[in-house]
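So the structure is just underneath, and the comments pick up after that.
Heavy atoms only: backbone and side chains are in, while hydrogens, waters and symmetry mates are out.
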There are 2 protein chains.
Amino acid sequence: MKEPDLDDLRLFLAVADAGGLGSAARATGTSAPTLSRRMAALERRLNERLFERGPRGYALTAAGRSLAEDVAGLRQVQARLARRMSSPTLPRVRITAGLWTSRFIARQLGTARAPDAAWVPEIVASNATVDIARREADIGIRNRRPDQPWMAARRTIPIRYAVFAKNPDITGYIALPRGAADTPSGRWLRAHHESEIVTTASDMAFAREMAASGLGRVVLPTFAGAECDLVQIGPVIDALTHDEWLVSHHDGRHDPPVRAALDCLAGLLGDATLRP
Amino acid sequence: MKEPDLDDLRLFLAVADAGGLGSAARATGTSAPTLSRRMAALERRLNERLFERGPRGYALTAAGRSLAEDVAGLRQVQARLARRMSSPTLPRVRITAGLWTSRFIARQLGTARAPDAAWVPEIVASNATVDIARREADIGIRNRRPDQPWMAARRTIPIRYAVFAKNPDITGYIALPRGAADTPSGRWLRAHHESEIVTTASDMAFAREMAASGLGRVVLPTFAGAECDLVQIGPVIDALTHDEWLVSHHDGRHDPPVRAALDCLAGLLGDATLRP
DNA sequence: TCAGGCTCTTTCATTTCTGAAAGTCCGGCT
DNA sequence: AGCCGGACTTTCAGAAATGAAAGAGCCTGA
């Protein structure tokens with residue numbers, strides 16, 4: 001026995017509420033004959049009499065009341081739909097990036113996005129690599145061109161790294177613990193200053209705060225160091241400099257909200273704000 | 001702009017879940033061409049692209065994800081429907097009666113109802129008169145034949161009243177407070193034993209408990225007195241004897257659940273249990 | 001490079017659904 | 001009594017939706 005058509009249930013609720021075919025027809029824009037037939041079909045499919053048909057209209061039977069309770073959730077769906085139609089919910093574009101870029105985007109996007117933009121950003125936290133190929137995110141900001149040919153990539157500005165500290169007199173380095181996120185900057189630090197590491201933090205955000213309080217030096221992207229009252233100690237570390245790539249699924253990038261988000265991000269990342 | 005067909009949204013969810021037309025077609029029993037057309041129509045009606053159509057199938061766009069969240073409630077409705085189809089919810093027949101009869105029915109109906117009965121009783125508490133004409137209840141048990149011609153009524157057994165007390169030595173009467181429910185038995189008590197009333201209770205159920213503890217005499221239907229270790233003090237009060245009428249809406253009584261409940265109640269009330 | 005397999009879309013005859021109008025029923029009103 | 005009005009159902013021609021089959025595009029593996 002097949003389940004009934006959800007639209008029949010919508011009409012069923014309308015008839016139950018209206019108490020008759022005529023007013024239900026007016027309320028739903030469906031003609032009375034159609035309502036009559038579809039209610040009859042619904043009863044046949046469920047094998048229950050749902051209405052008492054009297055000269056005064058349709059009245060629910062006990063079984064009809066029971067069904068009406070069961071499908072009352074449709075009312076809520078209809079209400080949400082109606083709301084959606086009148087003031088459409090903005091689609092959310094899922095963006096994933098590394099720690100510093102995520103923070104930068106989260107902070108800047110509120111103002112950088114056009115006020116009438118037809119999309120809303122959703123930042124997907126991702127130390128672990130979120131897979132755009134599997135559609136876990138719409139847009140990714142990565143430090144290299146993706147291998148997969150079905151990815152669309154756009155190069156934006158270069159990211160430069162340097163050593164930062166509260167002031168030039170501070171010595172010693174703050175690193176991530178061994179075995180934690182294996183980033184190029186972490187590897188560089190351990191390769192060149194392993195012996196100078198004075199402490200570790202479980203998260204680079206904490207490391208930066210520790211550096212800001214004078215506990216040691218950290219390796220940061222230049223734009224992230226500039227944000228936090230830290231001074232750049234040495235020159236830009238050329239070995240770590242890399243371009244940022246704006247990556248999206250090849251099929252997905254023509255979705256208007258995604259496209260708008262891509263353009264907005266390209267503008268934002270190309271902006272002088274990010275340059276050292 | 002009209003709202004989309006709810007059944008289209010059901011198919012939309014199926015396609016979104018399946019990630020493609022083929023498997024969605026298998027899951028829903030609808031053919032792939034139909035799904036293709038209806039998804040296209042849905043997009044046209046909403047004026048949004050809901051899917052990315054690639055050679056790998058359908059993938060939701062940002063707008064599609066947003067819609068899927070909005071209509072997720074349909075899943076719950078479908079689940080309830082499926083449950084209803086497999087193990088049908090029994091329709092509830094709303095029964096209204098006076099205090100003592102309600103209690104009697106509530107206690108007896110569990111066993112009196114056939115084990116495979118296709119209905120479940122719902123006792124509608126009603127000191128105030130619940131209106132069967134307005135379909136607030138399906139079946140009423142009343143103490144007289146209804147005036148309205150569209151009511152169907154079936155006479156059952158006569159109800160007899162008598163004075164009860166814990167033992168014959170108890171004197172004094174327990175009544176309802178002045179101005180409380182104006183029942184024939186209450187009026188009779190005040191008319192004949194006004195001066196012997198020793199106390200009042202806000203509810204006859206309390207009055208009966210008070211009588212059972214020996215505080216005074218009460219006027220009760222004979223079947224209600226017998227239930228509670230009370231002894232009948234005087235003869236049946238002929239002035240209060242009346243028949244019970246099983247009342248239902250004329251149109252409603254052919255609804256199978258209502259009809260079954262009517263038959264069951266007629267049997268129950270005709271049963272010797274109710275006789276003094 | 002090409003066949004094979006997968007997916008979606010189009011075509012088209014068929015089925016189903018729809019709505020206006022006419023028909024039926026029933027209670028209320030004069 | 002008999003007409004009126006409201007409410008549902010049936011009729012019927014036209015409109016819309018459906019599914020099988022064929023078409024088109026794309027990746028995969030040989």
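In terms of the side chain to side chain donor-acceptor pair (under 3.5 Å) criterion, residue partners of A/Asp138 (sequence neighbours excluded) are, by chain and number, A/Arg94, B/Arg65.
One atom, CG of B/Leu42, and another, C1' of D/dA17, lie 16 Å apart when rounded to the nearest Å. One can place CZ of B/Arg53 at 15 Å from P of D/dC26, the figure rounded to the nearest angstrom. One interatomic measurement links the two molecules: CG of B/Asp5 to P of D/dA16, which rounds to 15 Å at whole-angstrom precision. The distance from atom CD of A/Glu43 to atom P of D/dT9 is 9 Å, rounded to the nearest whole Å. Atom OH of B/Tyr58 and atom P of C/dT7 are 13 Å apart (whole Å). For B/Arg56 and D/dG25, the CZ to P distance is 19 Å, given to the nearest whole Å. Between B/Glu52 atom CD and C/dT9 atom C1' the separation is 17 Å, expressed in whole Å. Atom P of nucleotide C/dC8 and atom CZ of B/Arg49 are separated by 15 Å, given to the nearest angstrom.
A donor-acceptor contact under 3.5 Å is formed by the side chain of A/Arg37 with the base of C/dG19.
Comparing D/dT10, C/dT9, D/dG19 by their nearest atom to the side chain of B/Ala32 picks out C/dT9.
Neither OP1 nor OP2 of C/dT16 sits under 4.0 Å from any side-chain N or O of A/Arg38. When the side-chain nitrogen and oxygen atoms of B/Ser36 are compared with OP1 and OP2 of C/dT9, one or more of them lie within a distance under 4.0 Å. Look at A/Thr34 and you'll find a side-chain N or O under 4.0 angstrom from OP1 or OP2 of C/dG19.
Under the side chain to side chain donor-acceptor pair (under 3.5 Å) criterion, the residue pairs touching residues 6-15 of chain A are A/Asp7-A/Arg10, A/Asp8-A/Arg38, with sequence neighbours excluded.
In this structure, the side chains of B/Leu81 and A/Leu9 come closer than 4.5 Å at one or more pairs of heavy atoms.
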Checking B/Arg154 against B/Asp263 for the side chain to side chain contact (heavy atoms under 4.5 Å, CB included) test, could you report, in this order, the C-alpha distance in whole Å, the side-chain angles of both residues, the deciding distance, and whether it holds? CA-CA 10 Å; B/Arg154 192 194 301 198; B/Asp263 291 343; 3.3 Å; yes

